[in-house]
**Q** 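A single structure is presented below for examination.
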Amino acid sequence: MTPWLLTSKRFCESKKMINDIDWTSGGVYMIRNNINDKLYVGRAVNLRKRWTQHRHHLRSNTHHCRTLQNAWNKYSELAFSFVVLVGNVNSEECLCSIEQYYIDNYKCLDRMFGYNLSPSSRSNRGVKYTLESRLKMSLAQTGRVVSDEGRKNISKALTGKKQSAETVAKRVEKIRGLKRTEAQIETLRMVQFALSQSKKLFAFGEEKFLTEWAKEYKINTATLRNRIVRSGMGIEEALLAPPHRGHRKDLRGHRDKRKY
């Protein structure tokens with residue numbers, strides 16, 4: 001099938017059927033930068049809906065593919081077109097296989113030729129997120145509360161389900177002896193610090209940021225954060241704790257020498 005080019009304007013004016021392609025059916029497509037010929041390849045169960053979603057997120061600067069978003073911001077919407085590579089496909093397995101073929105064939109993972117981030121069409125495994133992105137995702141989930149209805153639905157879906165002995169054994173084997181690298185520990189500390197700085201803590205009838213509590217009680221901000229994050233103290237307990245409390249046991253002798 002010959003790829004069919006569709007710009008934003010022609011897409012809005014198009015009918016349900018063009019060149020024997022049902023635009024409410026599934027297919028594999030690419031978003032092409034007409035200036036440098038770089039491509040983003042994807043699949044959809046509904047081509048019309050998917051292109052609409054892409055344009056919405058790109059226009060609002062919230063697209064999941066940061067490389068495509070940066071190019072869209074740089075060259076503007078007029079530089080891009082939507083191209084259907086294969087249409088009228090409704091099998092998810094076929095869509096994944098076809099998408100993977102075009103990602104590999106067009107070298108979309110190479111920044112010289114494409115914008116795709118994930119090496120696999122079936123998952124996001126292998127995608128590397130920046131520290132800033134990880135912090136944003138972490139902060140976005142902070143304070144999220146699942147409704148009672150949502151809890152009931154989750155409980156109902158999981159009721160009666162049991163993991164096989166093989167699955168449990170694999171999980172235990174994977175976790176056993178697992179140690180965080182220095183880079184992972186540093187990232188975790190930065191995430192915890194960002195979380196502690198981004199929300200107010202309630203104590204003694206008042207709500208203040210962690211840095212404000214530390215300043216008022218003349219406590220080092222890092223010390224106060226460690227008491228809460230590492231030692232699991234409540235904010236009031238952490239504020240009133242003597243200097244030697246809330247430290248890791250293996251570093252306690254060293255830290256007790258510090259001046260508070």
Side-chain angles (χ1 to χ4, degrees), residues 1-138 140-141:
M1 180 181 296
T2 303
W4 176 254
L5 175 65
L6 200 61
T7 61
S8 296
K9 182 178 179 181
R10 289 177 62 187
F11 184 82
C12 296
E13 295 173 349
S14 65
K15 299 180 180 179
K16 184 178 179 181
M17 299 289 293
I18 295 182
N19 279 21
D20 298 325
I21 297 177
D22 183 355
W23 293 101
T24 61
S25 69
V28 175
Y29 61 88
M30 66 180 179
I31 299 175
R32 183 172 66 195
N33 185 330
N34 298 319
I35 295 177
N36 56 25
D37 290 328
K38 288 187 178 182
L39 309 172
Y40 173 89
V41 172
R43 69 179 188 275
V45 295
N46 186 313
L47 291 166
R48 174 185 287 277
K49 184 176 180 180
R50 189 65 181 129
W51 177 226
T52 301
Q53 291 172 341
H54 274 302
R55 286 186 301 154
H56 168 73
H57 289 295
L58 288 167
R59 287 170 175 174
S60 58
N61 200 30
T62 58
H63 199 275
H64 68 277
C65 181
R66 60 183 180 272
T67 52
L68 179 60
Q69 182 68 69
N70 292 339
W72 183 279
N73 295 342
K74 180 178 180 178
Y75 296 104
S76 83
E77 179 176 345
L78 298 176
F80 292 85
S81 55
F82 186 83
V83 182
V84 177
L85 298 170
V86 178
N88 300 331
V89 180
N90 295 314
S91 169
E92 181 67 22
E93 186 64 28
C94 289
L95 285 173
C96 289
S97 299
I98 298 170
E99 179 189 15
Q100 188 66 58
Y101 167 79
Y102 280 107
I103 289 175
D104 297 337
N105 190 51
Y106 289 150
K107 301 179 181 179
C108 294
L109 297 174
D110 190 331
R111 291 288 78 86
M112 292 183 63
F113 303 104
Y115 298 117
N116 288 70
L117 298 176
S118 176
S120 174
S121 62
R122 289 174 169 78
S123 71
N124 286 330
R125 182 175 296 177
V127 178
K128 294 182 179 180
Y129 297 98
T130 62
L131 177 59
E132 182 182 3
S133 297
R134 294 199 296 270
L135 287 173
K136 285 182 179 180
M137 289 187 285
S138 178
Q141 297 297 322

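Positions are given from 1 along the sequence. Quick note: numbers below take in every heavy atom, side chains included, and nothing from hydrogens, waters or symmetry partners. All of these numbers come straight from a predicted model, not from anything done at the bench.
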**Q** For the residue pair Y115 and L68, what are the closest heavy atoms and their distance?
**A**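 Minimum heavy-atom separation between Y115 and L68: CD1-CD1, 3.8 Å.
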**Q** Give a yes-or-no answer on whether the side chains of Q53 and R50 include a donor-acceptor pair shorter than 3.5 Å.
**A**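 Q53 vs R50: donor-acceptor pair found between side chains.
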**Q** Taking atom SG of C108 and atom CD1 of I31, what is their separation to the nearest 0.5 Å?
**A**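 Going from SG on C108 over to CD1 on I31, the span is 11.0 Å.
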**Q** Between Y75 and F80, what is the ring plane arrangement, given parallel below 30°, perpendicular above 60°, and tilted in between?
**A**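 Perpendicular.
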**Q** Taking the side chain as every heavy atom from C-beta outward, state whether H64 and L117 have any atom pair closer than 4.5 Å.
**A**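 No; the side chains remain at least 4.5 Å from each other.
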**Q** Heavy atoms only: give me the nearest G26-N90 pair and the separation to one decimal.
**A**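 Heavy atoms only, the tightest pair is N-OD1, 3.3 Å.
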**Q** Take L85 and M30 through the test side-chain contact (heavy atoms from CB on, under 4.5 Å) and record every step on the way to the result.
**A** CA-CA 7 Å; L85 298 170; M30 66 180 179; 4.0 Å; yes
**Q** Taking atom CG of N34 and atom CG of N36, what is their separation to the nearest 0.5 Å?
**A**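 The CG atom of N36 is 9.0 Å from CG of N34, to the nearest 0.5 Å.
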**Q** To check you understand the geometry: which heavy-atom pair defines the closest contact between F113 and K107, and what is its length?
**A**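 Heavy atoms only, the tightest pair is CB-O, 3.4 Å.
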**Q** Compare all side-chain heavy atoms of L58 with those of E77 and state whether any distance is below 4.5 angstrom.
**A**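 With C-beta onward as the side chain, the pair stays apart.
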**Q** Without swapping roles, check the side chain of N116 against the backbone of L109 for a donor-acceptor pair under 3.5 Å.
**A**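 Between the backbone of L109 and the side chain of N116 there is no qualifying donor-acceptor contact (under 3.5 Å).
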**Q** Going from OG on S118 to CD on E99, what distance comes out if it is rounded to the nearest 0.5 angstrom?
**A**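 One finds 8.5 Å between OG of S118 and CD of E99.
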**Q** So, taking the atom named CG in L47 and the one named CG in N88, what distance separates them when rounded to the nearest 0.5 Å?
**A**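 If I round to the nearest 0.5 Å, the distance is 8.5 Å.
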**Q** Which heavy atom in L95 sits nearest to a heavy atom in V28, and how many Å separate them?
**A**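 Shortest heavy-atom contact: O-CG2, 3.9 Å.
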**Q** Exactly one of Q69, H56, H54, R55 should register a side chain to side chain donor-acceptor pair (under 3.5 Å) with H63. Which one does?
**A**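 With H63 as partner, side chain to side chain donor-acceptor pair (under 3.5 Å) holds for just one option, H54.
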**Q** Rounded to the nearest 0.5 Å, how far apart are CG of N61 and CG of N70?
**A**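 It is 8.0 Å, given to the nearest 0.5 Å.
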**Q** How many angstroms lie between CD1 in I98 and CD in E93, if you round to the nearest 0.5 Å?
**A**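 Spacing of CD1 (I98) from CD (E93) equals 10.5 Å.
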**Q** Below 30° counts as parallel, above 60° as perpendicular, anything between as tilted: where do the rings of F82 and Y29 land?
**A**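 The arrangement is parallel - the two ring planes meet at less than 30°.
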